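Shown next, in structure tokens, is the structure this report addresses.
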2 protein chains.
Amino acid sequence: MKSKRQKTRQPSRRPSSTSAAYVSAIDQISAPIPYARNEVIFSQGEPADYLYKIESGCVRAFYPLDKGSRQVLAFYLAGDIFGLGAHDRHTISSEATTPSLIRVIRRKVLMGYGGDVAMSRHLLQLTAAELRRARDHNLRLLKGAQDRVIGFLREMVQRGQTQDEIELLMSRRDIADYLGLTIETVSRTFSRLEAAAAISLPSPWRIVLRDPSALN
Amino acid sequence: MKSKRQKTRQPSRRPSSTSAAYVSAIDQISAPIPYARNEVIFSQGEPADYLYKIESGCVRAFYPLDKGSRQVLAFYLAGDIFGLGAHDRHTISSEATTPSLIRVIRRKVLMGYGGDVAMSRHLLQLTAAELRRARDHNLRLLKGAQDRVIGFLREMVQRGQTQDEIELLMSRRDIADYLGLTIETVSRTFSRLEAAAAISLPSPWRIVLRDPSALN
DNA sequence: CGTCACATTGAACCTCTTCAAGCGCCGTGG
DNA sequence: CCACGGCGCTTGAAGAGGTTCAATGTGACG
């Protein structure tokens, strides 16, 4: 079903050690596929044959827990690559939190058939970056509810495009499952931050940073 | 300084996808160095030129927080390799929790000068394994105190050699900083598990699993 | 216009933290 | 050799913070 993509390969570019060439290579050997809200991208236990790059939208990576609850490990936004960290089969699941465009790339195509050195290193760097983000998130889970929410907002600001406004592409449940809180606590904390004039919420999915310094 | 080791290569084994060849290579190009209790192995911000493999003992990897407190991200035991996940400089610190023997290996030696494909992949697998453990730990931090402690015990059993007995190579403070609890809560939880006949504590650093099924 | 999913707000409960004291081990020094 | 002092572990009681249960509010869509 996806055989014709295979032949679209890099003609004359030699593999440099920078990441730029590979990022563009990913763009060239794949087409964006639309995913609906809450649509499954891959599930725990499935063969990890593909990598994914987000064109637009947002994805949650999570462990499914018993009876519908889940622990969200990470959010991926436009430009992010995910699906790493699996040897053979995926150990986590992932779904779109909002309608998204996502590029799907076969691992084997990326690696070349024999295994390309520079691409290996690139994947290693990406995985190492994931590791650092997972560790940072560990830190966040130790603090109180307010600090977790603030940390989340700062992460969104840092990774988003805008400086003083955040477009939340995920639900309160997603945020709560990410921060290890209940949706009630998340909502209450938002309200408290608004009362403290640190932020304002024109709508539940739009957050304006009124006093960015108050988030420290 | 490392020229003569290079020729010590596996004679007739072709670079298979298993790790065995590289693990033994690590053992051959390094000698164990003794570290004292609480001795610093590397600190946040230092150049990440080396990898480390534990011969015996235990190491804590952690983020230093303000005023002496710290978040322990992982423990490394005999056989484990650590120092991964850094591009250029270490983002975490690490210290021995107990007198330990640790092999120190230059990254560049491992990688060969041009970059060895299979070794790249091996490091990628190790980093991916670290990522999975960091994510598992994330999960653990969401549960209640008793589940965190039980999860810790199960991890120690799984990674240790013995089946029904655990030799704790780290202090209560290390455990508490790892689980995001206070030392009081850790101690209380141990006592409660002992009262419930799930474990027994002949000494503070020795735990006997009396009822392994009770840890589920 | 009604329904449904999601977000917000309130009050009681529960768990973990905090503060404080007591215990046991081991090394040092008289 | 014994006494002392320090460090780490244990245990107890009060307090804070988050969860739980419950009700209300609000926007999207048929």
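Letters go in sequence order (proteins before strands), and every chain restarts at 1. Quick caveat: nothing in here was measured; it's all calculated off a predicted structure.
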Of the nucleotides [options], which one has an atom closest to the side chain of [X]?
X: B:Ser171; options: C:dA7, C:dT17, D:dC9; result: D:dC9
X: A:Thr185; options: D:dT10, D:dG18, D:dA22; result: D:dG18
X: A:Glu184; options: D:dT11, C:dA7, D:dT20; result: D:dT20

Would you mind reading off the distance between [X] atom [atom1] and [N] atom [atom2], rounded to a whole angstrom?
X: B:Leu142; N: C:dT15; atom1: CG; atom2: P; answer: 18 Å
X: A:Trp205; N: C:dT8; atom1: CH2; atom2: P; answer: 9 Å
X: A:Asp147; N: D:dG18; atom1: CG; atom2: C1'; answer: 14 Å
X: A:Leu181; N: C:dT8; atom1: CG; atom2: P; answer: 14 Å
X: A:Ile183; N: D:dA23; atom1: CD1; atom2: C1'; answer: 14 Å
X: B:Asn38; N: D:dG8; atom1: CG; atom2: P; answer: 8 Å
X: B:Asp177; N: D:dG8; atom1: CG; atom2: C1'; answer: 14 Å
X: A:Arg192; N: C:dG10; atom1: CZ; atom2: C1'; answer: 12 Å

[N] phosphate, OP1 or OP2, under 4.0 Å from [X] side-chain N/O:
X: A:Ser191; N: C:dT9; result: yes
X: A:Arg188; N: C:dT8; result: no
X: A:Arg37; N: C:dC6; result: yes
X: B:Thr182; N: C:dT17; result: yes

| query | Do B:Glu165 and B:Arg210 sit within salt-bridge range, that is, some charged N less than 4.0 Å from a carboxylate O? | reply |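 No, no charged N to carboxylate O under 4.0 Å.
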
| message | Between the side chains of A:Arg159 and A:Asp80, is the shortest nitrogen-to-carboxylate-oxygen separation below 4.0 Å, so that they form an ion pair? | response |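 Yes, A:Asp80 and A:Arg159 are salt-bridged.
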
| field | From B:Tyr35, B:Tyr50, B:Tyr52, residue fulfilling ring-ring contact (aromatic ring centres under 6.0 Å, His included) relative to B:Phe42 | value |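 Of the listed residues B:Tyr35, B:Tyr50, B:Tyr52, the ring-ring contact (aromatic ring centres under 6.0 Å, His included) partner of B:Phe42 is B:Tyr52.
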
| task | To the nearest 0.5 Å, tell me how far A:Gln125 CD sits from B:His87 NE2. | result |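 So the CD of A:Gln125 and the NE2 of B:His87 are separated by 4.5 Å.
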
| task | Drop me the distance from B:Glu46's CD to B:Ile41's CD1, to the nearest 0.5 angstrom. | result |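 Rounded to the nearest 0.5 Å, the CD-CD1 separation comes to 11.0 Å.
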
| request: Let me know, please, whether A:Ala145 or A:Pro204 comes out on the 5' side of the other along DNA chain D by nearest nucleotide. | output: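 Of the two residues, A:Ala145 wins.
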
